[in-house]
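Here is the naming used below: chain letters follow the sequence lines, and residue numbers restart at 1 for every chain.
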Amino acid sequence: MKESAHFLIRYRLVPTNTSDKPVRVRFAPSPTGDLHVGNIRTALFDWAYARHTGGQFIFRIEDTDRERVTDEYIQAAQDTLKWLGLNWDEGPEVGGPYGPYLQSQRLDIYAQWAAKFLAQGDAYHCYCSSEELEARREAQKAANVAPGYDGKCRKISQDDLAKYKSEGRLPVLRMRMPDGSTTFTDSIRGDVTFDHNFVPDFVLVRGDGSPLYTLAVAVDDIMMKVTHVLRGEDLLSSTPRQIRVYQAMGVSESDYPTFAHLPFVMGQDNAKLSKRNGEVSIAWYRERGFLPEAICNYLALLGWSPGEDRENVTMKELTELFTVERVHSSPARFDMKKLEAINGDKIRELTIDELLKRTTPFLVKDGVITGTPDELEVVKSALPIIQERIATLAEVSQMLKFLFMAKFAVDSEELPKIQDEQSQVVLKKTDEVLKGLASWDHETIHEALKTALIEGLGLKPRIAFSAIRIAVTGSHISPPLFESLELLGRERSLERIAASIK
RNA sequence: GGCCCCGUCGUCUAGUGGCCUAGGACUCUGGCUUCUCAAGCCAGCUACGCGGGUUCGAAUCCCGUCGGGGCUACCA
């Protein structure tokens, strides 16, 4: 009984959301580059949580910084999510009741709220220039006081105002941070408190009138009725600012989203993952032949675990098992070796038809085949013998190219290995034996060569077969020899063996 | 510097006061199997950062300390 009770708790399928509101989770990247593994881990958890609770998964593009966000990156982000199978219920392409889902198309909404905050006195115009702010920050640092806006423009004299205006200065809109502190409950970290002495008045709207993240993110989460914000740990300290905006919007506390700050995914060098340390873009993994389900499975294990010594989960199982309660608070390091191991496992789980479908693009891209039905037939019959030998789809080209080479030649590095006297004896004998074979299947071939070489010549199998392997496949690493010979066919096999005899 | 977060094998993790002489996975090492390479199987190495408490009993609770990270923008 104890065991089953245990099981129930670990694998409960009921939503963990206790509120009566339907769960709405958003993934809101700012595509300033290709989505990387950290982004995707966040997207995966957002998606899994939404699916687990039967809620909605919302995809929003935070492109308020048009200097850095490009249309290509926005498109790439959508492609990546789709490729991984993280389909969204509301967002670009599919739309939804709270759109548009690109912040650059919601400027009027932010402007209206900004005007309201200004009118209410929650926000104020600030005319301090970047240079002035910079200088004052330096002074604060030198004086060893908390750096941040000093509130100079909270009360601005009419004279100064006239002066700044005559200079043509464009004001930013700043949120007034009241005295006190903000405490919120993070689902992963528990209660977190920030004293407002360390949360300076922050900018909502730039001098040119464009909104900043601090405004847009809070407005959108409220207006899109987001109930759960699962995002990167780097945003933890910006949470009090979002809550301040909610207050200014007049939102009641019960309508604030629940926050959960996910731990970082770090690179090998123990720093926050970025483009500088290693291959982090998902596109890179796709090109290398990593399976989307393997990437998701591996990433799910970074900062979360299903418990019960379980690791291999399908996407469906992930949505069933995922709970925020089981998410870690400590950062995880990305380990390529482990990803490769999981990728290999996932490849082995594929049916041959599925594997064929997935490997064909790689074979075509590498010029091994052009994609004719005849070629695909050969590939399909060869896949069973290499399925357990590859860790990524891209490796299939190297494994199977010997079957398709128009002009075959043994690798120059391998050539000397079959030119010694013993190898030549083996090859001559092989030529002789295979020529006389009535039927060309791997069992017959194996039997005949074993009789002639191992028993007949008294050679060790690894010695004897190695020479044939190199002569026929061009490398000392290949799929199983006899199956390879069968697939190659009698004519080409004999041709290659003959060509290797001096 | 200030504020905040974090700390179990090399890495990802199990662990929520006794089931822990700390379990699993990846990596690594050795072995088995074997036509190469893999896969598979078996075995081994290696961890509760440190110091104090609380308790009959602590990886689990508290305090301190050290270490790592994030933020500190008219980036997100």
Is the phosphate of C37(B), meaning OP1 or OP2, less than 4.0 Å from a side-chain N or O of Ser475(A)? no
Reckon Arg333(A) has a side-chain N or O less than 4.0 Å from the OP1 or OP2 of C12(B)? yes
Under 4.0 Å from OP1 or OP2 of U36(B): is there any side-chain N or O of Arg462(A) that close? yes
Roughly, in whole Å, what's the span from NZ in Lys450(A) to C1' in U34(B)? 13 Å
Given side chains that start at C-beta, do those of Lys165(A) and Tyr127(A) come closer than 4.5 Å, heavy atoms only? yes
Within this structure, what is the NE2-to-C1' distance between His446(A) and U36(B), rounded to whole angstrom? 13 Å
What is the distance from atom CD of Gln140(A) to atom OH of Tyr149(A), rounded to the nearest 0.5 Å? 11.0 Å
When you compare the side chains of Thr214(A) and Arg241(A), does any donor N or O come within less than 3.5 Å of an acceptor on the partner? no
Mind calculating the distance between CD1 (Ile342(A)) and C1' (U13(B)) to the nearest angstrom? 12 Å
Determine the contact category for Val172(A): base if any of its heavy atoms lies under 4.0 Å from a base atom, sugar-phosphate if only primed atoms, P, OP1 or OP2 are that close, otherwise nothing. base
Using 0.5 Å steps for rounding, measure from the CD atom of Gln242(A) to the CZ atom of Phe184(A). 9.0 Å
Evaluate salt bridge (charged side-chain N to carboxylate O under 4.0 Å, His left out) for Glu432(A) paired with Lys429(A), printing each intermediate quantity in order. CA-CA 5 Å; Glu432(A) 191 185 310; Lys429(A) 187 75 185 170; 3.6 Å; yes
Heavy atoms from C-beta onward define the side chain here; which of A73(B), U36(B), C12(B) lies closest to that of Arg137(A)? A73(B)
Residue mapping more 5' on RNA chain B - nearest nucleotide basis, Asp309(A) or Glu483(A): Asp309(A)
Take the protein atom CE of Met336(A) and the nucleotide atom C1' of A25(B), then report the distance between them rounded to whole Å. 18 Å
Just by distance, with hydrogens left out, do Asp220(A) and Tyr110(A) show a side-chain donor and acceptor under 3.5 Å apart? yes
Sticking with atom P, work out how far C62(B) lies from C28(B), rounded to a whole angstrom. 39 Å
Separation of His261(A) atom NE2 from C71(B) atom P, in whole Å? 12 Å
Please state the P separation for the pair C48(B) and G7(B) - nearest whole angstrom. 16 Å
Of the candidates G69(B), C6(B), G10(B), the side chain of Arg189(A) sits closest to C6(B)
Give a yes/no on whether any side-chain N or O of Ser305(A) is located under 4.0 angstrom from OP1 or OP2 of A14(B). yes
Separation of the P atoms in C61(B) and A14(B), to the nearest angstrom: 14 Å
Modelled atom types, side-chain donor and acceptor of Arg206(A) and Ser210(A), under 3.5 Å: yes
Name the closest nucleotide to the Ser237(A) side chain, picking from C71(B), U36(B), A76(B). C71(B)
Using the P atoms only, state how far A76(B) lies from G18(B), rounded to an integer number of Å. 48 Å
Nucleotide nearest Glu388(A) when distance is taken to its side chain, options A38(B), G69(B), C26(B): A38(B)
How far does the C1' atom of A25(B) sit from the matching atom of C9(B), given to the nearest Å? 12 Å
Which nucleotide, if any, forms a Watson-Crick or G-U wobble pair with C45(B), using both distances under 3.5 Å? none
For U13(B), take OP1 and OP2 only and decide whether either is under 4.0 Å from a side-chain N or O of Arg310(A). no
Distance between C1' atoms of C50(B) and A58(B) (Å, rounded): 16 Å
Under-4.0 Å side-chain N/O to phosphate OP1/OP2 contact, His328(A) with A14(B): yes
With a 3.5 Å limit on both atom pairs, tell me what G40(B) is paired to, counting Watson-Crick and G-U wobble, or say none. C32(B)
Does any N or O donor sit under 3.5 Å from an N or O acceptor when you compare the side chain of Glu311(A) with the base of G24(B)? yes
Residue matched to C3(B) through Watson-Crick or wobble contacts both under 3.5 angstrom: G70(B)
Partner lookup for A25(B), please. Criteria are Watson-Crick or G-U wobble with both distances under 3.5 angstrom; report none if nothing qualifies. U11(B)
Rounded to the nearest angstrom, tell me the gap between atom NZ in Lys141(A) and atom P in C71(B). 13 Å
Here's a test of your reading of the structure: between Leu236(A) and Leu133(A), which maps to the more 5' nucleotide of RNA chain B? Leu236(A)
What nucleotide, of C74(B), U36(B), A39(B), holds the atom closest to the side chain of Arg348(A)? A39(B)
Arg68(A) side chain near A76(B) phosphate (N/O to OP1/OP2, under 4.0 Å): no
Check the orientation of Phe259(A) and His261(A). Use parallel for under 30°, tilted for 30 to 60°, and perpendicular for over 60°. parallel
Separation between the P atoms of G1(B) and U21(B), rounded to whole Å: 41 Å
Value in whole Å for how far the P atom of C12(B) lies from CG of Leu299(A): 14 Å
Work out how far the C1' atom of U72(B) is from that of C63(B), and round it to whole angstrom. 28 Å
Could you state the atom-to-atom distance from CD1 of Ile468(A) to P of C37(B) in whole Å? 16 Å
Side chain of Asp335(A) only, heavy atoms from C-beta on: which candidate in C74(B), U11(B), A14(B) is closest? U11(B)
